[in-house]
Amino acid sequence: MTATLTRIKMLISLKALPAKLNVFTLFLLLTLNSILSTPLHATSEVSVETISKTSNTLAESQSANQKKQQFTIGILSQTPRKSTKGTPWQFSFDRLNSHPKFQFKALFLNSQELTKALINDRLDFVICDAINYLRLEKKYGILRLLTRAEQYSDQFVSSEGLSVHTLSNNSNITRLQDLKDKSIGVIDDRSSISWLFLEKFLFNHGLIADTNITITAISDINQSIPLLQSNTFDAIISKSGLIDKYFPQGKIDNLRLINPRRGWQAPFLHSSVLIPEWPLAKAWYVDNQIASQVVSLLLNQHNSRSNNSNAYFLPQYYWDIALNYNALNELFFFSENYDDEADTEESTLSQKVQYWISFIIICFLVLILILYLRSSRDLNNKLTLSKESLEQEIKERQHAQEQALTHQAELAHVARLSTMGEMASGLAHELNQPLSAIHTYVQGCIRRINMGNTDLDAIVGALKLTAQQADRAGGIIRRLRSFVRKGESHKTYSEINQIVNEVTGFLETQLKNKQVSLKFDLEEDLPPVLADIIQIEQVLINLLKNGIESMSNIEKPVIMVSTRRLDPKLIELCVIDSGHGISEDKLKRIFNPFFTTKTSGMGMGLSISSSIIEAHDGKLYAENNPEQGARFCLTLPITEEPIIEEQAGKDNNE
Ligand code: ADP
């Protein structure tokens with residue numbers, strides 16, 4: 001139990017946890033650590049096979065001494081096997097299982113299975129070729145204990161190489177590079193070839209299997225030379241020394257070794273460099289004491305080494321102290337990418353899934369981009385179309401507005417002419433006064449001169465009065481002309497009270513004739529309004545005229561004209577009469593064009609007046625006066641008069 005606890009603690013405290021040991025496993029380890037005080041059968045229920053297996057073996061060896069402690073050794077092999085019987089490994093396993101307390105089981109696994117079993121902690125020891133060893137050492141922290149040795153003649157060799165043979169008379173293949181586009185047989189009778197080493201060896205000479213060289217495995221070594229002679233293969237590759245060892249000298253006389261090299265490590269010639277033979281390594285969690293017992297068991301094989309040089313028929317592997325494998329790193333440019341080649345099925349699968357997910361996401365994004373570009377192009381087209389139609393509409397509207405304004409100006413002009421016609425008698429009366437005065441003054445002057453009265457001062461005085469009356473008559477004519485002028489709207493800053501005075505003066509005769517008394521309620525110091533004076537005068541004349549006409553049967557008819565500031569931004573002008581007022585149903589229609597209740601009326605006065613006031617951003621409205629008559633009011637906005645700089649400068653100086 002103490003040994004198990006120590007082992008679990010070692011597991012947890014080890015800094016170099018393998019990369020693939022996931023959080024889940026760690027959690028289970030911790031759980032196991034916490035429940036170690038419970039009986040053993042409880043421990044065996046833990047689902048992590050490795051931990052339970054190892055802890056079981058240790059625990060069981062202590063609780064039941066008769067039972068041996070179990071260890072599993074993974075052996076790299078392309079050919080699946082059930083046991084070591086009849087293989088060169090048999091001898092080593094016999095040695096190992098001679099231990100009184102330990103039991104060793106062999107698992108023949110290919111490269112991927114070996115990695116997977118190691119990740120899942122199913123192996124205690126690993127035997128594989130040098131290149132695979134370096135990969136597993138780097139990734140999963142396995143540690144070499146011994147290096148395999150083979151007996152050649154009387155020498156034990158711990159290095160392996162590759163030999164390339166062709167027929168002696170084959171002049172096409174003289175260098176390794178000549179193997180390009182050739183068909184090659186590889187002798188793998190006892191899973192003796194290190195395939196990764198072969199792959200690297202070929203690659204270093206520009207050869208890639210299934211790309212520019214055809215590789216076929218030959219599982220029966222006896223077939224190799226006949227296949228070469230029958231030209232099925234252009235060359236054969238084998239583990240160095242194997243052919244020399246297996247075939248009698250005469251049989252290999254017609255073979256030629258390509259790129260022959262000799263190293264001090266081995267008694268045979270070889271085509272490749274020599275690399276250390278396969279190591280036996282322990283998994284990182286295996287106790288050192290157990291490892292040292294394994295080492296001593298296998299090293300003792302030396303005592304029983306065979307002196308039989310023809311030992312191939314009883315092949316067996318021997319073991320020497322582990323060689324240094326690190327030099328291989330440089331030799332084969334060992335890289336991360338190379339590591340990944342031998343990664344597990346799961347990681348390959350997850351890489352594939354990741355690849356497909358990325359691919360789908362990219363396709364999706366490209367699709368969205370295409371849709372977006374298409375819809376934005378459509379939108380752009382629609383926008384351009386609607387912009388064009390809007391521009392067209394604006395043009396048409398402007399044109400219609402211009403036409404309406406012209407029409408309105410013409411209507412107003414016609415209305416003014418008709419007003420003037422209606423007021424003709426009143427105007428004639430008004431003009432008559434200055435003209436009769438002029439006549440009187442001129443007659444007086446003539447009479448004085450005829451009588452010889454040459455009092456020049458008196459004559460000049462009378463002529464001055466004549467000139468004054470002529471000016472008065474001229475003023476009336478000027479006002480009339482400007483009132484009936486046809487022209488476009490011309491707005492100026494004007495005092496509303498001044499407009500009221502002007503218009504009431506204009507209608508003075510008419511008011512007198514109808515005996516209408518005019519009253520004023522004008523607020524003083526009103527700000528100016530920006531208005532076309534003639535048009536506002538026209539509105540005011542209309543309202544006053546309508547007021548006068550509405551009081552035709554009324555006793556003591558009165559019209560009140562008032563002005564006031566309605567709010568900070570509006571001025572109001574009202575014309576209030578004491579007539580009959582307007583009935584509710586008519587009140588809704590009096591602003592409609594051609595609505596009239598008069599026999600000689602046109603029904604255009606209020607309609608024109610309303611559009612004039614609206615064109616000034618104001619409003620014209622009518623209501624009945626609470627006491628009597630009707631009340632017509634208009635509003636005009638107050639516009640700040642721009643301050644002329646010169647004036648402002650003057651004001652400042654003052
Ligand atoms: P007209 O004076 O040619 O009839 P207006 O557009 O000026 O055209 O007036 C339309 C109608 O509104 C008038 O016929 C009249 O019935 C009514 N009206 C206008 N002003 C007054 C008022 N002060 N009192 C009563 N009714 C009025």
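Because only heavy atoms are used, hydrogens play no part in the values below, and waters and symmetry mates are left out as well, while side chains stay in. This chain uses plain numbering: 1 for the first residue, then up along the sequence. Atoms within each ligand, like the ligands themselves, are counted from 1 in listed order.
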- Message: Quick check against the 3.5 Å criterion: does Gln628 have a side-chain atom that pairs as donor or acceptor with the backbone of Ser578?
- Response: yes

- Step by step, would you call Arg564 with Glu572 a salt bridge (charged side-chain N to carboxylate O under 4.0 Å, His left out)? CA-CA 5 Å; Arg564 65 173 176 142; Glu572 186 190 55; 2.8 Å; yes

- Check: Gln112 main-chain N/O paired with Asn110 side-chain donor or acceptor under 3.5 Å: yes

- Taking every non-hydrogen atom, the tightest pair across Tyr140 and Trp284: O-CD1, 3.3 Å

- Message: Using modelled atom types and a 3.5 Å cut-off, is there a donor and acceptor pairing between side-chain atoms of Asp455 and backbone atoms of Arg448?
- Response: no

- Distance-only N or O hit between ligand 1 and Lys598, under 3.5 Å: yes

- Item | Any Gly603 heavy atom less than 4.0 Å from ligand 1 | yes

- Query: Nearest protein heavy-atom contact for atom 12 (O) of ligand 1: which residue, which atom, what distance?
  - Reply: Ile590 CG2, 3.4 Å

- Query: With distance as the sole test, does Thr492 use its side chain to make a donor-acceptor pair with the main-chain N or O of Ser494 at under 3.5 Å?
  - Reply: no

- Query: ligand 1 and Glu549, any nitrogen or oxygen pair closer than 3.5 angstrom?
  - Reply: no

- Message: Taking 4.0 angstrom as the limit and counting only heavy atoms of Gly601, give me the atoms of ligand 1 inside it, by number and element.
- Response: 3 (O)

- Note on the structure: The complete set of side-chain hydrogen bond (donor to acceptor under 3.5 Å, both in side chains) pairs with one or both residues in residues 458-477, sequence neighbours excluded, reads Gln433-Arg472

- Got the closest protein heavy atom to atom 23 (N) of ligand 1, with its distance? Asp577 OD2, 2.8 Å

- Note on the structure: Pro528 and Glu495 have their tightest heavy-atom pair at CB-OE2, 4.4 Å

- Item | atom 18 (N) of ligand 1 [closest protein heavy-atom partner, distance rounded to 0.1 Å] | Phe632 CZ, 4.5 Å

- Is there a nitrogen or oxygen of Gly581 sitting under 3.5 Å from a nitrogen or oxygen of ligand 1? no

- Message: Return the closest protein heavy atom for atom 4 (O) of ligand 1 as residue, atom name and distance.
- Response: Thr596 OG1, 2.5 Å

- Task: Pick, from Leu543, Ile608, Leu606, the option with the minimum heavy-atom distance to atom 9 (O) of ligand 1.
- Result: Leu606

- Which residue and non-hydrogen atom of the protein lie closest to atom 10 (C) of ligand 1, and at what distance in Å? Phe595 O, 3.2 Å

- Nearest protein heavy-atom contact for atom 26 (N) of ligand 1: which residue, which atom, what distance? Ile582 CG1, 3.6 Å

- Task: Answer yes or no: is there a donor N or O on one side and an acceptor on the other, between the side chain of Asn624 and the main chain of Ile582, under 3.5 Å?
- Result: yes

- shortest atom 16 (O) of ligand 1-to-protein heavy-atom contact is with Thr597 OG1, 2.3 Å

- Pairing residues for Lys512 by the salt bridge (charged side-chain N to carboxylate O under 4.0 Å, His left out) criterion, not counting sequence neighbours: Glu508

- Message: Tell me whether Phe591 reaches ligand 1 (any heavy atom closer than 4.0 angstrom to a ligand atom).
- Response: no

- Task: Name the closest protein heavy atom to atom 19 (C) of ligand 1, giving the residue it belongs to and the distance to 0.1 Å.
- Result: Asn546 ND2, 3.5 Å

